[in-house]
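Below is one structure, written out as structure tokens; the observations come after it.
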Amino acid sequence: MDKNLLKAVYSPEDFRERGHRLIDELANHLEDKIQEKSNNAIDWNIPKKELVFWENFLYNGDTSHFFREILGRTTQVHHPKYIGHQVSPTAPITALSAMVSALLNNGMAIYEMGMAPSAIERVVINKLCDKIGYDSSSGGFLTSGGTLANLTALLSARKAKVSHDIWNKGHKEQLGIMVSEEAHYCIDRAAKIMGLGEKGIIKIPVTQNFKMDTSLLQTYFDKAKKEGITVFAIVGSAPSTATGVYDNLKAIGKFARSNNLWFHVDGAHGGAAIFSEKYARTVQGIEQADSVVIDGHKMMMMPTITTALLLKDDINATATFSQKADYLLTPTDHEDWYNSGKRTFECTKTMMSVHWYILLNTYGEEIFDEFLTRLYDMGHQFGIILQNDPQFELATPPESNIVCFRYTDSHLDTFALNQLNGHIRQSLLEDGEFYIVQTKLRGIHYLRTTIMNPFTTKEHLQQLLEKIKKYSKQI
Ligand SMILES: *Cc1c(COP(=O)(O)O)cnc(C)c1O
């Protein structure tokens, strides 16, 4: 055993030297991608080859090349031709806050294991609640991802709306939630985890434009009731992931109130519109929600993974995981905001609040407005470009930075077009200049883009369409 190994691991000098080198490498990387000095958004490699590379590198690779290898083997979210999934091109300053969190390793479950980040979290939560339009009884916390936050919100809903003590005693009756058929799959998963089963997920059909059809709510609710289902919550998407279309939160909120249901807004992607002067209208009615989820790592420029779960009444945050029945909570329990573990699913979590805070502190909340507004504007512009080109067809007019479309050709039937668009997307992936994804809506295969990079321009999008036309002729 090498006695000096531990000393080497914790050597401040070694850290300083490697750190400076890495920051230089990352800054070069950023420059290279943002300014498009290299052309590709992804250098695609098949999983098997990638695996062989890393198996080999473990024993034969030179550690000093490790980070560089990773930089070359990643999807380049900072490249303006990355127009794929919904993760942020991180604001570089949050890479620094992430490093602080990694080194300090505050456990966060209790206040003593994260004094500064716990207080910072409260400041961030209050800011978000304020932007939503909640009053001073609101609250919430940060947690690891929209998936977990949605599950937690539904647990809060069940605790608040179902009168008996399910947490301790379980339940026999059929419980249910109402949700659009276009909602993110994690809502379905959360409901299944909660034991609601297929029957407990009441899927509301969508309109032609993929919005929850709110004219059907009463009918579906009454039908569920007749079947003996105790419906306790309804979920609105802001927007839904596949299409980027917002549900009518005002109408859903009204329905929830008149039927005493918990109203949850899944704003993982676009809840950040609360910061946008221009697009706040997309989330009109959000202030009526009992709970709201907003991802920091999607439309707010933060590294994965950090999500805000905001509650109209902060009491529900403490009640959710309380082993005691609600009525046994003392007033001090309610004020115990600084012991994170009582409120979150996680025990240990990262000091994620520092990312939110450093952006607010350094650039002000206007930065969230600028980022989202710029990207939504581009989404609308892309929609117009597509509408004016007879070779393309939009799935629905874009309401955000998510745009689904397909290449069309009047000589081909649906089946052939589906195949063609699938091939186009595969060719784009293997080519690597652009990174876009795909989705199926009502049996039709669409190319799916999310404009996540504020430096993506109309010209980039036009180049993408030219490339698609070129491939469609080759296939
Ligand atoms: C991305 C997304 C989720 C899942 O959030 P994660 O942070 O990826 O766990 C949930 N709902 C919607 C609408 C989303 O866009």
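Counting starts at 1 for both ligands and their atoms, following the listed order.
For the 3.5 Å distance criterion, the side chains of K203 and S180 fail to qualify, holding no donor opposite an acceptor. Side-chain atoms of S97 and T94 include no donor-acceptor pair closer than 3.5 Å. Checking E36 against H460 by side-chain atom types alone, a donor-acceptor pair falls below 3.5 Å. In the model, N316 has no side-chain atom that pairs as donor or acceptor with a side-chain atom of D313 under 3.5 Å. A donor atom on one side chain and an acceptor atom on the other are found under 3.5 Å apart for S215 and D213. Residues E346 and S144 bring a donor and an acceptor atom of their side chains to less than 3.5 Å of each other.
Near H269, the atoms of ligand 1 lying under 4.0 angstrom from a non-hydrogen atom of the residue are 15 (O). Applying the 4.0 Å criterion to heavy atoms of T241 picks out, from ligand 1, the atoms 12 (C), 13 (C), 14 (C), 15 (O). For ligand 1 and G145, the ligand atoms under 4.0 Å from any heavy atom of the residue are 7 (O), 9 (O). Close approach of ligand 1 to Q86 is summarised as follows: ligand atoms under 4.0 Å from at least one heavy atom of the residue are 15 (O). Close approach of ligand 1 to H297 is summarised as follows: ligand atoms under 4.0 Å from at least one heavy atom of the residue are 7 (O). Of all atoms in ligand 1, listed by their number and element, those nearer than 4.0 Å to a heavy atom of A268 are 2 (C), 3 (C), 10 (C), 11 (N), 12 (C), 14 (C). Proximity to D295 (heavy-atom distance under 4.0 Å) selects the following atoms of ligand 1: 5 (O), 6 (P), 7 (O).
No part of I187 comes within 4.0 Å of ligand 1, judged by heavy-atom distances. With a 4.0 Å cut-off on non-hydrogen atoms, T147 touches ligand 1 through its backbone as well as its side chain. Counting heavy atoms closer than 4.0 Å to ligand 1, residue P239 contributes backbone atoms (N, CA, C, O) but none from C-beta onward.
Of the polar atoms of G146, at least one N or O is found under 3.5 Å from an N or O of ligand 1, judged by distance alone. Considering backbone and side-chain N/O of S240, none are found under 3.5 Å from N/O of ligand 1.
Between V283 and G270, the closest heavy-atom pair is CG1-O, 4.1 Å. Smallest separation of non-hydrogen atoms from S353 and L142: CA-CD1, 3.4 Å.
The side-chain tip of R442 points at the ring of F210 from less than 6.0 angstrom away and within 45° of straight on.
At the shortest separation from atom 11 (N) of ligand 1 among protein heavy atoms lies D266 OD2, 2.6 Å. Nearest protein heavy-atom neighbour of atom 14 (C) of ligand 1: K298 NZ, 2.9 Å.
Without hydrogens or angle criteria, N259 side chain to L261 main chain gives no donor-acceptor distance under 3.5 Å.
At least one heavy atom of C186 lies less than 4.0 angstrom from ligand 1.
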